[in-house]
Amino acid sequence: MQHARTENASTVQSIVERWREEEGPLLPILNGIQQELGYVPRESVPVIAEALNLSRAEVYGVVSFYHDYREKPAGRHVLKVCRAEACQSVGGDAVAERLEQLLGIRFHETSADGAVTLEPVYCLGLCACAPSAMLDGEVIGRIDDEKAVDIARRARA
Amino acid sequence: MTVKVYVPRDSGALALGAEQVAGALRTEAKTRGLDVEIVRNGSRGLYWLEPMVEVETAQGRIAYGPVAPGDIPALLDAGMLEGRTHALALGKPEELPFLVRQTRLTFARCGIVDPVSIEDYERHGGLRGLRNALEKSPAAIIEEVMESGLRGRGGAGFPTGIKWKTVHDAQGPRKYIVCNADEGDSGTFADRMIMEGDPFVLIEGMAIAGIATGATKGYIYLRSEYPHAAAVLNEAIAVARAAGVLGKSVLSSAFAFDMEVRVGAGAYVCGEETALLDSLEGKRGQVRAKPPLPAHQGLFGKPTVINNVISLASVPIILDKGGAYYRDFGMGRSRGTIPIQIAGNVKHGGLFEAAFGMTLGEIVDEIGGGTATGRPVRAVQVGGPLGAYFPRSLFDTPFDYEAFAAKDGLIGHAGIVVFDDTVDMLKQARFAMEFCAVESCGKCTPCRIGSTRGMEVLDRLKAGIAPETQIETVTDLCNTMKFGSLCALGGFTPYPVMSALTHFPEDFRPVPAREAAE
Ligand SMILES: Cc1cc2nc3c(=O)[nH]c(=O)nc-3n(C[C@H](O)[C@H](O)[C@H](O)COP(=O)(O)O)c2cc1C
Ligand code: SF4
Ligand code: FES
């Protein structure tokens with residue numbers, strides 16, 4: 001644990017250094033941390049605040065505003081399922097429910113074994129290939145039951 | 001001789017297995033000792049045919065689709081590399097009816113070229129607009145854009161030329177061009193397609209905007225849901241820099257212009273221009289009160305042009321062929337072409353660029369071919385989550401900003417989502433409220449609280465509790481939201497809600513009554 005903390009701290013530090021002299025560095029920093037660590041650890045907030053000369057409240061306010069930023073570690077896989085209208089028009093709600101059932105978790109939850117985090121997303125721009133989802137950055141369209149089963153299998157791995 | 005085969009890297013094609021198709025082709029070609037060069041192009045936008053593979057032959061390009069990885073051996077056996085026939089053969093792509101009926105100005109190259117080859121871009125007419133712009137004065141460039149009649153394609157339809165002139169006239173040592181690539185509307189993917197399929201046209205458009213207004217720095221604010229677009233854009237920007245299109249001296253001129261991509265963090269409201277600017281500055285994406293206009297005090301308080309991807313990507317053709325050429329397409333005050341995105345439950349979904357003026361019915365029934373499920377079309381939502389639901393009885397509405405406004409709707413970013421007769425319009429109305437509640441930036445009470453109240457009221461309606469009272473309450477709420485919201489998130493959520501209620505009243509009556517009526 002202690003080891004992981006130190007490792008996180010040095011990751012955060014190097015991302016902060018990469019961006020601190022740029023214009024509007026806060027989102028790139030948070031995006032970088034989230035990408036590297038899968039979440040934005042609480043401990044990173046004061047580090048960022050100090051480097052950018054902001055208050056902790058300001059930084060925390062930004063972290064909490066955006067849907068992408070997690071305050072807890074994500075599962076090994078992140079499955080984002082589109083819940084928006086074009087996907088709804090071709091059975092997206094049923095697909096979403098099926099995935100919840102297959103994974104045994106609800107949206108915004110991480111499975112107990114830490115395998116997968118399930119998140120809603122409002123449109124992936126795949127609206128002519130709906131229903132759609134994104135598994136760890138891999139886009140998947142026209143999800144039917146067979147594809148849902150395959151997605152769940154890979155997400156639980 | 002090397003045979004060129006095109007397998008799209010467009011997200012839509014990837015979502016349907018294009019990567020696996022490219023892999024299968026690579027492996028099979030190697031096994032058979034075939035000399036094949038795989039080019040990863042964008043998509044032509046015929047998504048029911050993706051992954052669509054094209055082979056360059058002596059007779060021109062021949063398309064096959066939709067191709068599954070397992071089809072590759074049989075396709076090669078049949079002589080795909082010579083353009084021979086097969087059950088999946090589609091002939092020459094440019095002769096496909098879906099493409100023949102289009103007027104591709106902005107999307108002229110999308111799906112045809114290698115998106116990161118600047119040589120390909122120039123061979124297909126790229127950079128001519130920028131070269132012409134460099135021969136003109138900034139005022140003359142703006143005059144050309146004014147003449148074209150181009151209106152912002154992000155939704156509000158504000159004349160692009162006027163926006164540019166305001167920034168041109170604003171004083172200041174530093175100005176910015178910001179490209180709004182937040183494309184949050186459900187049913188839309190035109191921005192994504194152009195960024196993945198022809199990113200140089202956006203880069204060229206931004207450079208022209210910079211030269212016209214005196215801005216030397218551009219940002220593309222890209223939504224985080226588009227990682228593939230980010231990869232193509234970053235690659236293309238590096239290529240453009242190496243080719244001298246971007247940098248201290250644009251195409252060896254006295255003008256400097258450079259740009260970078262900044263990725264958002266999942267907030268629909270950050271598509272609103274002032275929230276976007278706050279987000280770029282590293283703040284919460286909250287909507288700013290106007291004035292000041294971004295053109296006067298935009299990014300970091302500096303004069304800023306903020307335009308949608310398609311607005312900017314339409315500029316090169318205007319500078320290439322002239323404002324009058326572009327203006328001569330279209331109807332009324334809607335000039336030029338609009339990339340219509342046909343999505344949802346539709347047989348032929350995809351990108352259809354056409355002059356303004358086609359009717360909604362033509363687009364949905366003729367071009368889209370009706371629903372994918374084969375059931376009757378009952379409703380279409382036009383313009384994203386803040387757009388109205390249209391019933392069949394309004395299918396004669398022409399695609400035109402003013403005509404849609406006259407029917408209490410909007411074109412928005414020109415996405416059309418088709419629903420069949422199994423749709424529950426009460427559920428859709430509730431979703432509109434829910435979406436507003438989830439995405440509200442929290443600044444105005446009618447938007448923040450009203451949307452949550454709206455969900456509750458519609459839930460009660462669904463449960464059959466005092467329906468007339470609930471309908472009255474939701475109508476009142478919509479009025480309050482419409483007039484008491486700072487931006488269109490709270491202000492336009494009433495469009496989908498009220499259009500559902502107005503055009504599909506039967507879905508808002510309690511179930512027993514509905515059953516009795518049937
Ligand atoms: C809630 C909300 C979301 C918006 N989302 C987008 C978007 O994703 N992309 C976009 O170009 N414009 C969006 N807009 C419109 C922008 O505020 C603005 O009008 C546009 O960027 C101006 O560029 P244009 O004149 O080229 O259309 C949105 C507006 C609102 C109120
Ligand atoms: S209408 Fe909603 S999203 Fe828009 S400024 Fe007000 S609270 Fe924010
Ligand atoms: S609505 Fe689901 S991808 Fe666009």
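Because the structure is predicted, anything quoted here is derived from the model rather than measured. First the proteins, then the strands, lettered A, B, ... as listed; each starts at 1.
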Go through the atoms of [X] and report whether side chain, backbone, both or neither lie under 4.5 Å from a heavy atom of chain A.
| X | answer |
| --- | --- |
| B:S11 | both |
| B:F300 | side chain |
| B:L280 | backbone |
| B:C270 | side chain |
| B:V423 | neither |
| B:E183 | neither |
| B:P385 | both |
| B:I342 | backbone |
| B:D420 | neither |
| B:V418 | backbone |
| B:E260 | side chain |
| B:H348 | neither |
| B:T422 | neither |
| B:A372 | neither |

**Item:** Any side-chain donor near an acceptor of the partner, A:E23 and B:Y219, under 3.5 Å
**Value:**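 Yes, side-chain donor-acceptor contact under 3.5 Å.
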**Message:** We want to know whether A:E71 and A:Y60 form a side-chain donor-acceptor pair, criterion being a heavy-atom distance below 3.5 angstrom.
**Reply:**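 Yes, because at least one side-chain N or O of A:E71 sits under 3.5 Å from a partner of the opposite role on A:Y60.
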**Item:** Note: A:D144-A:K147 ion pair, threshold 4.0 Å (strictly below)
**Value:**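 No.
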**Message:** Please determine whether a side-chain nitrogen of the Lys or Arg among A:D136 and A:R76 lies less than 4.0 Å from a carboxylate oxygen of the Asp or Glu.
**Reply:**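 Looking at A:D136 and A:R76, the cut-off is not met.
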**Complete:** Most heavy-atom pairs under 4.5 Å with chain B, out of A:G141, A:G92, A:C87, belong to A:G141
**Message:** Once salt bridge (Lys or Arg N to Asp or Glu O under 4.0 Å) is applied, do any residues pair with A:E22, and if so which ones, sequence neighbours excluded?
**Reply:** A:R18
**Request:** Could you tell me which of B:G12, B:S224, B:S186, B:G282 has the largest number of non-hydrogen atom pairs under 4.5 Å with chain A?
**Result:**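 Highest number of heavy-atom pairs under 4.5 Å: B:S186.
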**Message:** As an exercise: rank B:W48, B:F435, B:Y268 by heavy-atom pairs under 4.5 Å with chain A and give me the winner.
**Reply:** B:F435
**Asked** Checking heavy atoms, do the side chain of A:V62, its backbone, both or neither come under 4.5 Å from chain B?
**Response** both
